[in-house]
Asker: 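Shown below is the structure under consideration.
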Number of protein chains: 2
Amino acid sequence: MSDERAEVDGLTIGILGGTGDQGKGLARRFALAGNPVVIGSRNAARAEEAAASLGDLPVRGAENSAAASEADVVIVAVPWDGHRATLESLRSELAGKIVIDCVNPLGFDKQGAYPLPVEEGSAAQQAAAVLPDSRVVAAFHHVSAVVLLDPAVERVDLDVLVLGDDREATNLVQALADRIAGVRGVYGGRLRNAHQVEALTANIISINRRYKAHAGIRITDV
Amino acid sequence: MSDERAEVDGLTIGILGGTGDQGKGLARRFALAGNPVVIGSRNAARAEEAAASLGDLPVRGAENSAAASEADVVIVAVPWDGHRATLESLRSELAGKIVIDCVNPLGFDKQGAYPLPVEEGSAAQQAAAVLPDSRVVAAFHHVSAVVLLDPAVERVDLDVLVLGDDREATNLVQALADRIAGVRGVYGGRLRNAHQVEALTANIISINRRYKAHAGIRITDV
């Protein structure tokens with residue numbers, strides 16, 4: 001959806017916290033699209049196990065620091081409560097790289113999900129604050145892990161909102177999103193408007209409960 | 001999209017702040033769907049003028065208090081800076097009624113739109129706090145006034161997220177949204193999750209600028 005689509009063929013994608021369902025689902029879809037993927041975890045053996053669970057695809061596992069070093073582009077898919085500490089520990093490995101934050105700071109209670117307050121405004125803004133030498137982009141918040149991992153789903157029916165203040169970086173991430181069959185990367189605004197995109201995941205969870213769905217969003221007239 | 005669609009034929013819809021473009025646009029679409037509409041304004045003459053500008057449709061104008069009293073369901077489409085005061089002044093007229101808040105508390109600067117902090121969490125939660133005897137629902141945040149008012153647009157291509165804690169009320173508002181050609185009302189969660197739906201309007205404004213569009217959202221798999 002951008003005029004100046006970047007070349008993303010062959011980029012190696014690292015996924016921090018890639019042993020979780022969302023990280024594993026993204027790993028699977030990018031590998032299906034032909035990109036080499038390195039799943040990162042605090043524990044290399046767990047990362048290798050997650051990679052092996054995806055079958056015959058170009059995915060391997062490594063410790064988070066190795067995944068960050070070896071990848072061209074890094075996706076942050078760690079649980080929210082480990083977000084700041086993980087990124088602080090990887091500042092030098094992530095320097096100069098495009099870092100894609102897809103973390104949704106949510107709480108859960110009897111009434112369902114709700115957004116947690118974040119000092120910096122959003123997980124993506126926290127990443128930008130912690131990683132001043134990286135190019136932080138927010139994207140992939142609303143993708144359903146279940147759908148990404150389901151072999152019966154050939155095309156993933158949603159738009160990925162891509163937010164950031166660096167046009168070249170958001171263009172590249174849009175192009176990456178486009179590589180997942182069915183998905184379209186749509187520019188969604190500056191990083192200061194990331195909070196509501198992360199928080200909207202709580203609404204999508206409510207929708208999923210009400211309609212027994214795996215909902216996503218599409219942007220009309222674009 | 002609900003199992004128990006309420007009967008909304010013939011309900012009279014009041015629109016507070018209906019002289020603004022969004023209010024007028026909603027008035028036009030509901031009137032086209034056959035519902036009588038009363039556009040409300042602080043100034044009855046301005047409300048009548050706005051009603052007349054819509055041509056030969058069942059829309060009339062009145063002071064906000066009369067619009068609130070005479071309507072079966074009331075839409076709040078006032079500017080954010082008059083939101084609290086307007087609702088406080090209409091507490092008795094709005095008691096017992098379904099009140100649909102579509103107000104987006106946004107600020108604007110050189111970089112575009114951004115969400116304003118709201119003490120109660122969101123405009124809709126502020127409405128619920130100010131109107132304890134009304135049934136407050138949040139909806140119609142993302143509809144483009146330009147599209148609603150454009151006679152060339154026969155079908156409005158978007159889903160309206162409907163949020164609230166009163167199932168009967170959200171069902172009725174979903175059914176109302178469905179009356180606008182092309183539109184679908186989709187349950188979007190509880191009122192505590194209204195903030196991000198209101199704030200997402202800032203992202204839609206960014207999308208509109210980038211793509212020269214009148215963007216809306218659709219929910220997939222529902």
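Lettering follows sequence order; numbering is per chain, from 1. Keep in mind that the numbers below use all heavy atoms, side chains included, and drop hydrogens, waters and symmetry copies.
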Asker: Report which part of A:L163 has an atom under 4.5 Å of a heavy atom belonging to chain B: side chain, backbone, both, or neither.
Answerer: side chain
Asker: Here's a test for you: under side-chain contact (heavy atoms from CB on, under 4.5 Å), which of B:I219, B:V197, B:L200 qualifies with A:N203?
Answerer: B:V197
Asker: If you draw a 6.0 Å radius around CG in A:D109, do more than 12 non-hydrogen atoms from other residues or ligands fall strictly inside?
Answerer: yes
Asker: Checking heavy atoms, do the side chain of A:H195, its backbone, both or neither come under 4.5 Å from chain B?
Answerer: side chain
Asker: For chain A, which residues from residues 114-128 of chain B have at least one heavy atom closer than 4.5 Å to it?
Answerer: B:Y114, B:P115
Asker: Just do the side-chain contact (heavy atoms from CB on, under 4.5 Å) check on B:I217 and A:T220 with the steps written out, would you?
Answerer: CA-CA 6 Å; B:I217 71 170; A:T220 59; over 6 Å; no
Asker: Between B:G188, B:S144, B:G112, which has the largest tally of heavy atom pairs under 4.5 Å with chain A?
Answerer: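 Between B:G188, B:S144, B:G112, the count favours B:G188.
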Asker: Shortest non-hydrogen contact from A:A199 to B:Q196?
Answerer: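 Of all heavy-atom pairs spanning A:A199 and B:Q196, the closest is O-NE2, 3.2 Å.
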Asker: Does any heavy atom of chain B fall under 4.5 Å from the side chain of A:L161, the backbone, both, or neither of them?
Answerer: side chain
Asker: Compare every heavy atom of A:A113 with every heavy atom of B:R192, then report the nearest pair and how far apart it is.
Answerer: NH2-O, 3.8 Å
Asker: Quick one: what part of A:Q111 sits under 4.5 Å from any heavy atom of chain B, side chain, backbone, both or neither?
Answerer: both
Asker: Hey, does B:D221 have a side-chain heavy atom less than 4.5 Å from the side chain of A:L158?
Answerer: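 Sidechains of B:D221 and A:L158: no contact.
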Asker: Within a reach of under 6.0 Å around CD of A:E154, are more than 12 heavy atoms found that belong to other residues, nucleotides or ligands?
Answerer: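 Counting other residues, nucleotides and ligands, CD of A:E154 stays at 12 neighbours or fewer.
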Asker: Just give me the residue among B:D157, B:V147, B:D165 that pairs up with chain A most often, heavy atom to heavy atom, under 4.5 Å.
Answerer: B:D157
Asker: For A:Y187 and B:Y211, work out which heavy atoms get closest and say how close.
Answerer: N-OH, 2.8 Å
